K.L.:
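Before I ask anything, let me first share the structure, which is written out below as structure tokens.
Quick caveat: nothing in here was measured; it's all calculated off a predicted structure.
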Amino acid sequence: MRKDQAAMENDAIQSAEAGAKTFAGSNSRKYNYFEPKGRKATLYENVTVDVQPDPERYLLQGWIISFPDGTPAYSDKWTRIKSSNWHEFRDPNGEWERTHYTRVSAIEKQIILTLQNAKAEEAFQYVDRSWIEMLQNHLSASKHAEYGLGMVFQSAQRDGMSQMINNAILVNASDKLRYAQDIALYIMNIAEEAGIDEAAGKDNWLKNDHWQGVRKVVETFTASTDWAEQVFAINLVYEPLVGELFRSGFLMQYAASHGDFVTPTIVSTAEGDFERNLEYSVEMFDCFFNDPKYGDQNKRTAQEWLSKYVPLCAEAARQLQPIWSQPRVKVTTFPAAYSRAQERFHSILKTLGLELLKGVAL
């Protein structure tokens, strides 16, 4: 009799059926599987938290899906970051499928209206020709960097250890791929209106010395197999030192003085994306760095990543410097733009309680 009862209890432990195990508060109508960040769970939390079950939280039979060699579909070995609770992170943007589609739809409508207005007014006929060449050669080249980063995030989001982490990285991937496509479509429109070479961007990305540093960094991100390293290096190092430097420090500064009111509208969407993706990245790594068990270890890992990526990104930024002197009207300088980028980067490090190791310089 005792043997049969033990067998029944074992069956219950292995079962994936609803009600196979009773949790504290299971019978309460207010019961929730997770602890809300605020007083009440938000819609984002209700549709995101614990959607991806975890053997350490409620999944009694272990991971449902594994690779043929027995490796589980999700493994904490796929990053050097350690966590006592992978489910602690909440995206401060609170974005999930519906809100993401709504936001992106509004962005695309704004871009379409701006382009329609520009074409109706024949605006590209009045843009300074030296600036048109900048868009042809360099905005178009930056499209390949943005697309490459989007593909890195698309791969990284599969390996995160919770639905909240995966969701945030997937939105990041979508933002990058959308912006890359926006640039491609914008270049096609300029080609129709102003007769530029649509292939020049790819040639500059592959051959122009100004872009080889950026290309090297993006390809280095691609070679990494650590999803947390990729998010850290791209959003907290590359974006402030290189991505934002080119978008805000060059394109946004120079466009208006050359008669171009369309480019800032498109580029500003990427700047908005970066602000949101920076916010979730800081929140995520703040969780990792303040982990009661692994916080100090995670900070040491991040210091190693800084030592690896800061020199690469600083070199990529310096190789872009000649671009600032090419437009006809000079409204700012590379040193001024790079100084603002350095201040931004140091501000991010300060927020996270990190410092550059001795010998690592911008």
K.L.:
Just wondering, more than 12 heavy atoms not from Lys293 lying within 6.0 Å of its NZ?
P.N.:
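Incorrect, the count does not exceed 12.
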K.L.:
With distance as the sole criterion, is a donor-acceptor pair present between the side chains of Tyr44 and Asn167 under 3.5 Å?
P.N.:
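No, no side-chain donor-acceptor pair sits under 3.5 Å.
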K.L.:
Stepwise, does the side-chain hydrogen bond (donor to acceptor under 3.5 Å, both in side chains) test hold for Gln212 with Arg215?
P.N.:
CA-CA 5 Å; Gln212 298 318 297; Arg215 186 180 164 200; 3.2 Å; yes
K.L.:
Can you tell me if Asp226 and Ser224 form a side-chain donor-acceptor pair at under 3.5 Å?
P.N.:
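No - no donor-acceptor pair under 3.5 Å links their side chains.
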K.L.:
Where does the angle between the aromatic ring planes of Phe285 and Trp305 fall among parallel (under 30°), tilted (30 to 60°) and perpendicular (over 60°)?
P.N.:
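Rings of Phe285 and Trp305: perpendicular, over 60°.
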K.L.:
Do Glu45 and Lys37 sit within salt-bridge range, that is, some charged N less than 4.0 Å from a carboxylate O?
P.N.:
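Result for this pair is no, no salt bridge flagged.
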K.L.:
Side-chain contact test, heavy atoms from C-beta onward, threshold under 4.5 Å: evaluate it for Glu244 versus Leu278 and give yes or no.
P.N.:
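No. Closest side-chain heavy atoms not under 4.5 Å.
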K.L.:
Does Glu56, at its CD atom, have more than 12 non-hydrogen atoms belonging to other residues, nucleotides or ligands within less than 6.0 Å?
P.N.:
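No, the 6.0 Å shell around CD holds no more than 12 heavy atoms from other groups.
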K.L.:
If the plane angle is over 60° it's perpendicular, under 30° parallel, otherwise tilted; pick one for Tyr238 and Phe221.
P.N.:
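Perpendicular: the ring planes of Tyr238 and Phe221 meet at over 60°.
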K.L.:
Going through the distances and angles, do Leu306 and Phe232 end up as a side-chain contact (heavy atoms from CB on, under 4.5 Å)?
P.N.:
CA-CA 9 Å; Leu306 287 173; Phe232 180 90; 3.8 Å; yes
K.L.:
Does the plane of the ring in Trp131 sit parallel, tilted or perpendicular to the ring in Phe250? Use 30° and 60° as the thresholds.
P.N.:
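Taking Phe250 first and then Trp131, their aromatic rings sit tilted (interplane angle of 30° to 60°).
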K.L.:
How close do Asp76 and Lys82 get, counting heavy atoms only, and between which atoms?
P.N.:
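Taking every non-hydrogen atom into account, O-NZ, 3.9 Å.
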K.L.:
Can you label the angle between the Phe67 ring and the Trp78 ring as parallel, tilted or perpendicular, going by 30° and 60°?
P.N.:
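Rings of Phe67 and Trp78: perpendicular, over 60°.
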K.L.:
Indicate the atoms forming the closest heavy-atom contact of Thr99 with Gly94, along with that distance.
P.N.:
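That would be OG1-O, 4.1 Å.
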K.L.:
Are Ile234 and Leu349 connected in a single hydrophobic cluster, I mean Ile/Leu/Val/Met/Phe/Trp/Tyr linked by side-chain heavy atoms less than 4.5 Å apart?
P.N.:
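The answer is yes; both residues are in one hydrophobic cluster.
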K.L.:
Are any of the side-chain heavy atoms of His87 and Val49 separated by less than 4.5 Å?
P.N.:
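They are not in contact (no side-chain heavy atoms under 4.5 Å apart), so the answer is no.
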K.L.:
So does Glu35 have more than 12 non-hydrogen atoms from other groups sitting under 6.0 Å from CD?
P.N.:
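No, the 6.0 Å shell around CD holds no more than 12 heavy atoms from other groups.
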K.L.:
Under 6.0 Å between the ring centres of Phe288 and Trp86?
P.N.:
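Centroid distance Phe288-Trp86: below 6.0 Å, so yes.
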K.L.:
Should we count CZ of Arg318 as having more than 12 external heavy atoms under 6.0 Å?
P.N.:
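Counting other residues, nucleotides and ligands, CZ of Arg318 exceeds 12 neighbours.
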K.L.:
Does the side-chain contact (heavy atoms from CB on, under 4.5 Å) test come out yes or no for Met134 and Tyr254, once each step is laid out?
P.N.:
CA-CA 10 Å; Met134 293 297 101; Tyr254 278 73; over 6 Å; no
K.L.:
Among all residues two or more places apart in sequence or in another chain, which pass the salt bridge (charged side-chain N to carboxylate O under 4.0 Å, His left out) test with Glu97?
P.N.:
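Scan of Glu97 (salt bridge (charged side-chain N to carboxylate O under 4.0 Å, His left out), adjacent residues dropped) gives none.
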K.L.:
Can a donor-acceptor pair be found between the side chains of Asn235 and Asn172 at a distance below 3.5 Å?
P.N.:
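Asn172 and Asn235 do have a side-chain donor-acceptor pair below 3.5 Å.
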K.L.:
Output every pair passing side chain to side chain donor-acceptor pair (under 3.5 Å) with a member in residues 261-277, not counting sequence neighbours, ordered by first then second residue.
P.N.:
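Applying side chain to side chain donor-acceptor pair (under 3.5 Å) to every pair that reaches into residues 261-277, excluding sequence neighbours, yields Glu95-Arg276, Arg103-Asp273, Asp175-Arg276, Asp175-Asn277, Arg178-Thr269, Arg178-Asp273, Tyr186-Thr263, Arg247-Glu271, Ser248-Glu271, Asp260-Thr263, Glu275-Arg344.
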K.L.:
Verify the neighbour count for atom OH of Tyr101: are there more than 12 heavy atoms of other residues, nucleotides or ligands below 6.0 Å?
P.N.:
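No - once you tally the heavy atoms of other residues, nucleotides and ligands closer than 6.0 Å, there are 12 at most.
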K.L.:
Would you find more than 12 non-hydrogen atoms of other residues, nucleotides or ligands less than 6.0 Å from Gln253 atom CD?
P.N.:
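For Gln253, atom CD is crowded (more than 12 foreign heavy atoms under 6.0 Å).
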K.L.:
Between Gln110 and Thr114, do the side chains contain an N or O donor and an N or O acceptor separated by less than 3.5 Å?
P.N.:
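Looking only at side-chain atoms, Thr114 and Gln110 do form a donor-acceptor pair, the distance falling under 3.5 Å.
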K.L.:
Between Ala180 and Lys143, which heavy-atom pair has the shortest distance, and what is it?
P.N.:
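For Ala180 and Lys143, the tightest heavy-atom pair comes out as O-CG, 3.5 Å.
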K.L.:
What class does the angle between the rings of Phe246 and Trp211 fall in, given that below 30° is parallel, 30 to 60° is tilted and above 60° is perpendicular?
P.N.:
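Perpendicular: the ring planes of Phe246 and Trp211 meet at over 60°.
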K.L.:
My understanding is that only residues two or more places apart in sequence, or in another chain, count here; which of them pass ring pair (Phe, Tyr, Trp, His ring centres under 6.0 Å) with Tyr338?
P.N.:
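Tyr338: ring pair (Phe, Tyr, Trp, His ring centres under 6.0 Å) contacts with Phe334.
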